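All figures in this text were calculated on a predicted structure; none of them were measured in a lab.
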Amino acid sequence: MKKLYLFTHYFSLFLLTFFGIISCQLYAQEIDTGFVIRPISGGPLGLIPLKKISVNGYYRFFGINRDLENSFVVIPGNQFANAPNFVLGAGDVYRDPPLMLINISAQPTSKTYIGMDYALYHNFTGNIGNSPINLNLGINLTGSIQTEAGKFTAHMGGINWTDMSGMLFSSFIGYQRYSIFERYPWENNSVSYDRASNYFEYGNISRDMRFGMQAFKGMMIDGNELPGNISFRLLYGVTPVQSIVGSKIPSYTFGLRVRKKINNQTIGFNMMNYTSFIDSLAIEEAGIQLQTFSYDLVWNGFDLAAEMGRGQLYSNTQKEGWGEAIRVKIKTPAKITKIPFDIEGFYMSPQFVNYYGNFLSSNTAFLSTSSVNQTGNSAGGSGGISNFAGSITDVGQISNNRKGFSFNFWVDITKSTKLNIGNMVSSEIKSMGRILDFGHKINALPFSRFVPFVNNVGAYSNWTSYFRGFSQSMEITDTNSMGMPKTLTNFNMLQVQLKQKVNFPWMPFYLLYVGSFGSAQSDFNIIPTFSNNAYLRTFYHEFDAVFMVNKEVSLITSYGKEYIIGNSQLNKGDNLDGKLGSPLNNAINQESFLFGLGLDLAISKNTNLYIRRRWFSQEDKSFVKDNIKGTETTIELKLYF
């Protein structure tokens, strides 16, 4: 009976995909290739005709089937607050990307641009919402003017993806050490072998305009080619955490960036003010203020990038004052050092808080009407931002309240074998809490779909779900009379990436491996602690094999293992006497597994089909309710027009 039940659901998913392909092909055949864009000349006399109209976009069908052995507990003790164990639907839990996106743009003059988009959405369950057709990024107006003083460009209206400086308004780019088994939803159409080839040669896969940027809505003015090689950018509007739907409480962001270029050097001043009001009368104000100087130098292939400044988070209840921060990175050229490497030093005080920079902010809460409380715990929703406690992070992903350094180098062992290694060492500046956070890698995406953008959920209320990922938290129990750890916590992360290209004439393929080894402990160490002296150890192994059947067809497999191990100084589970936290029980001892298969097919020039099947599990021998096993199958059909 169960086999018939599964067959029925998989057959339904197949029909949805099949008719999606047919409709896309019919649509492509109906395009009038002889259509010529002409200026719109109708309307009242005196109006400027639109010289250019552009319409493009994509259709993206995303079907998903999830089958868990048991439902995922969202709120313990509430049987109605569980993520269903069986899901068959169209669309993802995330709003972006939509099922279909149409971009429309027009140019009234050569220096004026108007752009807008229409998006068609599907809910995760397959039920269309109250407003299935809506704007995606909104209506954007861009205009520029060239004067004797310089060139000025204004962007107004909808959402723009932009940056100011690394620490003030950007997102973490990192060193691109990850599995490529899963596709990012905004990726273009390319089969896995082509993605692996690009990843092997350049260390990255194709990204869209949002990579390394942050979302901003409002007015953005750029000034370039100014006297003295000066440029500037000004922002006035809102960021996601301030854009609370339906709220009439005023909130705004103001930012300014000024740059001066001197030969091969660039000097800059940057500032950002995030301001919100706590009450409906707009009397009680809270916000974040940030001010930095930046310096960049390129000399004989050497790159030097530095940023330093001060920042504060303020409200009626949070008045710790200003804190300082500095990051300095030097990268060497291969022609001089033979083996290229970079080294970075950083110091980020606990008062330097920012949710929209290229670092994490720990043990703090941005006060807003949606929000997290004063202890850094949310009442449910994360409000579009995630607050992390002391975290074990990837190399380069630093946090405030930390000082330390990182080192990375890249070696081409042969033309077909590449190795890169990164190591990061950091220490707390001030003891601010006993919580330790750790992220998951191999099953982060499917598990994040259980319940998106929430804090403190799961069988033990220690899950935080963010965009395409999730983390868990543990507590240090060896504390002083104030409830704080007896010593400052030190963090380590070592990452090793090996890429191998095999040119078999009948089937070339790539082998890709990433190993990540992290620890948190009381002692300072140059490399991670692999013994039980560490409070917490995190070990991740990600292995991909990508095969080219032919230019239009790729096969991809993925295998992953993950180990999270705590010592006796962490909070205990419920494995021996059934009492959570009892000293008779053991600390976290978690093991996760992944095996995945995938098929990519280029149906036509603009249409690709991607199929993924994964078997996964996560089992904790100490926290016995943390036991997740199941499968997930996804089908993605993407057509550009």
Side-chain angles (χ1 to χ4, degrees), residues 172 174-175 177-179 360 362 386 388-399 402 404 406 421-428 433-448 458 460 462-466 468-477 485 489-497 513-543 559-573 586-594 616-623 626 628:
F172 175 62
Y175 293 93
R177 299 180 177 115
Y178 47 73
S179 165
L360 298 176
S362 62
S386 294
F388 296 90
S391 302
I392 301 175
T393 62
D394 287 348
V395 175
Q397 175 67 90
I398 69 173
S399 171
R402 300 272 182 93
S406 65
I421 297 177
N423 187 49
M424 184 169 70
V425 182
S426 64
S427 303
E428 284 185 323
R434 60 178 183 268
I435 304 297
L436 287 177
D437 275 359
F438 59 92
H440 291 273
K441 289 182 178 294
I442 65 171
N443 291 317
L445 178 56
F447 286 13
S448 73
Y460 298 97
N462 66 343
W463 278 47
T464 292
S465 175
Y466 47 92
R468 296 175 66 86
F470 78 100
S471 65
Q472 288 184 262
S473 59
M474 292 288 144
E475 291 187 9
I476 299 173
T477 56
T489 305
N490 296 271
F491 300 87
N492 292 83
M493 175 57 72
L494 172 67
Q495 291 186 291
V496 179
Q497 183 177 51
Y513 168 78
V514 178
S516 303
F517 311 92
S519 68
Q521 64 280 330
S522 59
D523 299 329
F524 177 85
N525 294 313
I526 297 298
I527 62 173
T529 299
F530 292 89
S531 70
N532 210 34
N533 291 329
Y535 297 131
L536 189 66
R537 289 165 284 163
T538 60
F539 306 141
Y540 312 91
H541 302 276
E542 304 170 88
F543 180 80
Y559 176 81
K561 292 288 286 187
E562 184 175 291
Y563 303 92
I564 312 295
I565 305 169
N567 71 2
S568 60
Q569 294 174 296
L570 287 188
N571 59 304
K572 307 302 190 296
N586 299 322
I588 183 172
N589 186 8
Q590 191 179 102
E591 182 176 340
S592 299
F593 161 82
L594 157 72
F616 55 75
S617 67
Q618 176 175 301
E619 181 179 5
D620 197 317
K621 296 178 181 178
S622 301
F623 292 79
D626 192 349
I628 304 170

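Not one N or O on the side chain of N492 forms a donor-acceptor pair closer than 3.5 Å with the backbone of G518. Side-chain atoms of E428 come within 3.5 Å of backbone atoms of T489 as a donor-acceptor pair (strictly under, hydrogens ignored). Checking side-chain atoms of R537 against main-chain N and O of F530 turns up a donor-acceptor pair under 3.5 Å. With hydrogens and angles disregarded, a donor-acceptor distance shorter than 3.5 Å links the side chain of N567 to the backbone of A534. Side-chain atoms of N525 do not come within 3.5 Å of backbone N or O of I527 as any donor-acceptor pair.
Separating the OG atom in S179 from the CG atom in L445 is a distance of 10.5 Å, to the nearest 0.5 Å. The line from CZ of R402 to CG of L360 is 8.0 Å long, rounded to the nearest 0.5 Å. Here OG1 of T477 is found 7.0 Å from CD of Q569. Values are rounded to the nearest 0.5 Å. Distance check, rounded to the nearest 0.5 Å: CD of Q397 to OG of S406 gives 11.5 Å. To the nearest 0.5 angstrom, D437 atom CG is 7.5 Å from I435 atom CD1. Separation of atoms CG (N571) and CD1 (I588) is listed at 8.5 Å; rounding is to 0.5 Å.
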_Trace of the side chain to side chain contact (heavy atoms under 4.5 Å, CB included) decision for N423 with M493_ = CA-CA 6 Å; N423 187 49; M493 175 57 72; over 6 Å; no
*Verdict with reasoning, I565 to Q590, per side chain to side chain contact (heavy atoms under 4.5 Å, CB included)*: CA-CA 6 Å; I565 305 169; Q590 191 179 102; over 6 Å; no
*Given side chain to side chain contact (heavy atoms under 4.5 Å, CB included), test V395 with R177 step by step and report yes or no.*
CA-CA 9 Å; V395 175; R177 299 180 177 115; 4.0 Å; yes
*Take F593 and H541 through the ring-ring contact (aromatic ring centres under 6.0 Å, His included) test and state the conclusion after the steps.*
CA-CA 10 Å; F593 161 82; H541 302 276; over 10 Å; no
*asked:* Quick one, F491 with I398, criterion side chain to side chain contact (heavy atoms under 4.5 Å, CB included). Give me CA distance, side-chain angles, the key distance, then yes/no.
replied: CA-CA 10 Å; F491 300 87; I398 69 173; over 6 Å; no
*For ring-ring contact (aromatic ring centres under 6.0 Å, His included), just list the numbers for F470 and F447, CA-CA rounded to whole Å, side-chain angles, deciding distance to a tenth of an Å, and then say yes or no.*
CA-CA 7 Å; F470 78 100; F447 286 13; 5.6 Å; yes
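At least one side-chain heavy atom of F438 sits under 4.5 Å from a side-chain heavy atom of L536. Residues S427 and F524 have side chains in contact (heavy-atom distance under 4.5 Å, counting atoms from C-beta outward). No side-chain heavy atom of Y513 sits under 4.5 Å from any side-chain heavy atom of E542. Inter-residue side-chain proximity for M424 and L494 is flagged as unmet; no heavy-atom pair is nearer than 4.5 Å. With a 4.5 Å cut-off on side-chain heavy atoms, S592 and L594 do not count as touching.
Y178 pairs by the ring pair (Phe, Tyr, Trp, His ring centres under 6.0 Å) definition with Y199, not counting sequence neighbours. In terms of the salt bridge (charged side-chain N to carboxylate O under 4.0 Å, His left out) criterion, residue partners of K561 (sequence neighbours excluded) are, by chain and number, E591. Partners of R434 under the salt bridge (charged side-chain N to carboxylate O under 4.0 Å, His left out) rule, at least two apart in sequence or in another chain, are E475.
In plain terms, the two heavy atoms of L570 and A587 that are nearest each other are CB-CB, 4.2 Å. Considering every non-hydrogen atom in both P528 and S519, the closest pair reads CA-OG, 3.5 Å. Here the shortest heavy-atom pairing between S448 and S465 reads O-OG, 3.5 Å.
Here K621 does not pair with D626 in a salt bridge; the nearest charged N to carboxylate O distance is not below 4.0 Å.
Remark: of the listed residues T529, N490, I476, I476 is the sole one forming a side chain to side chain contact (heavy atoms under 4.5 Å, CB included) with Y535. Checking Q618, K441, H440 one by one against E562, the side chain to side chain donor-acceptor pair (under 3.5 Å) holds for a single residue, H440.
The aromatic rings of Y460 and F623 stand perpendicular to each other, their planes meeting at an angle above 60°, with 30° marking the opposite boundary.
Here Y563 and Y540 keep their ring centres 6.0 angstrom or further from each other.
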